[in-house]
Engineer: 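The structure that follows is given in the form of structure tokens.
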Amino acid sequence: MQDLWDRHLRYRSHHVDVPLDHHDANSPSLSIFAREIVDTRKNEQALPWLVYFQGGPGMESPRPNGASGWLKRALNDYRVLLLDQRGTGLSSPVNHQTLAHLTPAEQADYLSHFRADSIVKDAECLREALGIKQWAILGQSFGGFCALTYLSFFPQSLSRAFVTGGIPPIEGHADRVYQKTYQRVEDKNQQFFAQFPDAQARCHEIAQYLQNNAVMLPNGQPFTAEQFQTIGLNLGRGHAGLPLYYLLERAFIEVNGERVLSYPFLDAMQAEQGYLTNPFYAILHESIYCQQQASQWAAHRVRDQFPQFHYQPDQPFRFTGEMVYPWMFDQLATLKPLREAAMLLAEKTDWPALYDLEVLKHNTVPLACATYVDDMFVEFDYSRQTLAKIANSQAWMTNEYEHNGIGVDGEHILDRLIEIGDSLAAIQGQ
């Protein structure tokens, strides 16, 4: 039954055309989509706006089924705008199909315009089209990276900035990111296998089976031990350990006296490969850390400093995490057509700046953040270092949540951040 409160929500669609390259007057255009949600019991015209930047990169904005979590809290104070970042959802989507007509060099050039700098310029085009003087922004994970880019280049357009699990390192090479990330993933592995001791033997059994047998996923793609390791991505999310353990329990089934991997397990493994439906994420993931330097497959190279993540039958099994590896473009069906473009982007050195340190140093927009001490995806120490360089910022530093805290307890988290933002504004006399 539909909640009566939800019946008071109005949904509007907004579209705006923007240039692929905001610096080129002759650039081809993209279509950007955003969904407005407002509580009709309030005075709509008096409500300020809040724009939500989804995590990723390459993830579309949420498609909510009514008001709950952070959205419920936001609608008390704001008209909410859910932005499909360029290349996602209904905003000129990017995948192996839409790029198939381009050469690898053309694909790489096209994709180079889909980072945070372009995303916030799209938001500015949308703000101007809607006739809005200022709005607040909320960024989760990569959306928080976008928020800091917004604060760097268009602070005059912002009234508040809220960030959850997404304060990035704003200096240095991508290598340093993965040197920390592998340490955090090792921590999560240790915790998982300590809680579920028999999972270690089961993971070895699965990996060995994959090494000794040709196994296909339901879509016909060969399934390998390296692919199996990547489901460790789930270890960075709250309450994910038990579902992962249950999944491992049902990995094998007996068929005609032979122990084989079950169809339900393989179907679940295919569902875990978000790269298949969202290749954008794999192609551009490392570039979100690049400014005037190439990533050169940072996660792949840094992995050699953590040899436990190279699977060996005589060593403890380890899951990997959010890392992207070049072998994915040899193995995963929808990444194969984009392999050459990915290689070109990994060697690209002229990525423009994503942040302006001087502007952030003198920031006047209240910036309220939830930073998670045990975050597997965004290094807590780097977040603290970044926040120390941003004026008018305050962080709620907590180990109560994992990276997906906003999805677990979003109403409470956003409420806390709004309080912090109001306090910062009061200090400034805003």
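Only a predicted model underlies this, so the values are computations on that prediction, with no experimental measurement involved. For the single chain, residues carry numbers from 1 onward in sequence order.
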Engineer: Within this structure, what is the CG-NE2 distance for the pair Leu83 and His14, rounded to the nearest 0.5 Å?
Structural biologist: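 Rounded to the nearest 0.5 Å, the CG-NE2 separation comes to 11.5 Å.
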Engineer: Are there over 12 heavy-atom neighbours, none belonging to Asp24, within less than 6.0 Å of that residue's CG?
Structural biologist: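 Atom CG in Asp24 is packed in, count exceeds 12.
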Engineer: Do we get Arg176 above Tyr382's six-membered ring, with its NZ or CZ under 6.0 Å from the centre and within 45° of the axis?
Structural biologist: yes
Engineer: Can you run down the salt bridge (Lys or Arg N to Asp or Glu O under 4.0 Å) pairs that involve residues 376-394, sequence neighbours left out, and say none if there aren't any?
Structural biologist: Glu171-Lys389, Lys180-Asp381, Arg184-Glu379, Asp381-Arg384
Engineer: Apply salt bridge (Lys or Arg N to Asp or Glu O under 4.0 Å) to the pair Lys188 and Asp374, showing each step before the final yes or no.
Structural biologist: CA-CA 9 Å; Lys188 299 300 184 184; Asp374 299 322; 5.3 Å; no
Engineer: Under the criterion side-chain hydrogen bond (donor to acceptor under 3.5 Å, both in side chains), which of Gln229, Gln211, Gln331 is the partner of Thr224?
Structural biologist: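 It is Gln331; the other options fail the test.
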Engineer: Using a 4.5 Å cut-off on heavy atoms from C-beta on, say whether the side chain of Phe162 contacts that of Ile137.
Structural biologist: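 Ile137 does not reach Phe162 side chain to side chain.
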Engineer: Is it true that the NZ or CZ of Arg86 lies under 6.0 Å from the centre of Phe114's six-membered ring and within 45 degrees of the ring axis?
Structural biologist: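 Yes, a cation-pi geometry holds between Arg86 and Phe114.
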Engineer: Side chains of Gln190 and Glu186: do they bring a donor and an acceptor to under 3.5 Å?
Structural biologist: yes
Engineer: Applying the side chain to side chain contact (heavy atoms under 4.5 Å, CB included) test to Thr320, which of Ile231, Asn189, Thr230 qualifies?
Structural biologist: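 Testing each of Ile231, Asn189, Thr230 against Thr320, the sole residue satisfying side chain to side chain contact (heavy atoms under 4.5 Å, CB included) is Thr230.
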Engineer: Which residues pass the side chain to side chain donor-acceptor pair (under 3.5 Å) test with His300, sequence neighbours left out?
Structural biologist: none
Engineer: Leu210 vs Leu261, test: side chain to side chain contact (heavy atoms under 4.5 Å, CB included). Steps then yes/no.
Structural biologist: CA-CA 9 Å; Leu210 292 171; Leu261 289 174; 3.7 Å; yes
Engineer: Would you check if the distance from the ring center of Trp396 to the ring center of His412 is below 6.0 Å?
Structural biologist: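 Here the rings of His412 and Trp396 have centres that are less than 6.0 Å from each other.
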Engineer: Let me see the working for Met323 and Tyr182 under side chain to side chain contact (heavy atoms under 4.5 Å, CB included), right down to the final yes or no.
Structural biologist: CA-CA 9 Å; Met323 301 80 166; Tyr182 277 112; 3.4 Å; yes
Engineer: Any Lys/Arg nitrogen of Glu419 or Arg416 sitting under 4.0 Å from an Asp/Glu carboxylate oxygen of the other?
Structural biologist: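 So Glu419 does not pair with Arg416 through a salt bridge.
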Engineer: What do you reckon, are the aromatic ring centroids of Phe317 and Phe228 less than 6.0 Å apart?
Structural biologist: yes
Engineer: Could you go through residues 45-60 and list every donor-acceptor pair under 3.5 Å that involves a side-chain atom there, pairing it with any protein atom two or more places apart or in another chain?
Structural biologist:
unit_1, atom_1, unit_2, atom_2, d
Tyr52, OH, Gln54, OE1, 3.1
Gln54, NE2, Glu60, O, 3.3

Engineer: Is the number of heavy atoms from other residues, nucleotides or ligands under 6.0 Å of Gln305 CD greater than 12?
Structural biologist: yes
Engineer: Is it the case that over 12 heavy atoms from other parts of the model lie below 6.0 angstrom from the CZ atom of Arg301?
Structural biologist: yes
Engineer: Quick one: CD1 on Ile283 to CG on Leu99, what's the gap to the nearest 0.5 Å?
Structural biologist: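 Reported to 0.5 Å precision, the distance equals 6.5 Å.
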Engineer: Can you classify the ring geometry of Phe319 versus Phe192 as parallel (below 30°), tilted (30 to 60°) or perpendicular (above 60°)?
Structural biologist: perpendicular
Engineer: Using the side chain to side chain contact (heavy atoms under 4.5 Å, CB included) rule, take Leu424 and Arg160 through it: C-alpha gap first, then chi angles, then the decisive distance, then the call.
Structural biologist: CA-CA 10 Å; Leu424 290 171; Arg160 298 281 196 283; over 6 Å; no
Engineer: Nearest 0.5 Å, please: how far is CG in Leu151 from CG in Asn392?
Structural biologist: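 The CG atom of Leu151 is 9.5 Å from CG of Asn392, to the nearest 0.5 Å.
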Engineer: What's the spacing between Arg250 CZ and Tyr263 OH if we round to 0.5 Å?
Structural biologist: 11.5 Å
Engineer: For Tyr150 and Val365: C-alpha separation, side-chain torsions, deciding distance, then whether side chain to side chain contact (heavy atoms under 4.5 Å, CB included) applies.
Structural biologist: CA-CA 11 Å; Tyr150 217 142; Val365 180; over 6 Å; no
Engineer: Using the six-membered ring wherever Trp is involved, compare the ring planes of Tyr289 and His285 and label them parallel, tilted or perpendicular (cut-offs 30° and 60°).
Structural biologist: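 Answer is perpendicular, since the angle exceeds 60°.
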Engineer: Indicate whether any N or O donor in one side chain lies under 3.5 Å from an N or O acceptor in the other, for Lys121 and His23.
Structural biologist: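 Yes.
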Engineer: How would you list, by chain and number, every residue that makes a ring-ring contact (aromatic ring centres under 6.0 Å, His included) with Tyr372, sequence neighbours excluded?
Structural biologist: none
Engineer: Measure up the Phe33 and His15 rings against each other and bin them: parallel (under 30°), tilted (30 to 60°), perpendicular (over 60°).
Structural biologist: tilted
Engineer: Considering residues at least two apart in sequence or located in another chain, which fulfil the ring-ring contact (aromatic ring centres under 6.0 Å, His included) criterion with Phe153?
Structural biologist: none
Engineer: Go through the structure and list residues passing side chain to side chain donor-acceptor pair (under 3.5 Å) with Glu44, not counting sequence neighbours.
Structural biologist: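 Once residues adjacent in sequence are excluded, the partners of Glu44 under the side chain to side chain donor-acceptor pair (under 3.5 Å) criterion are Arg10, Arg12.
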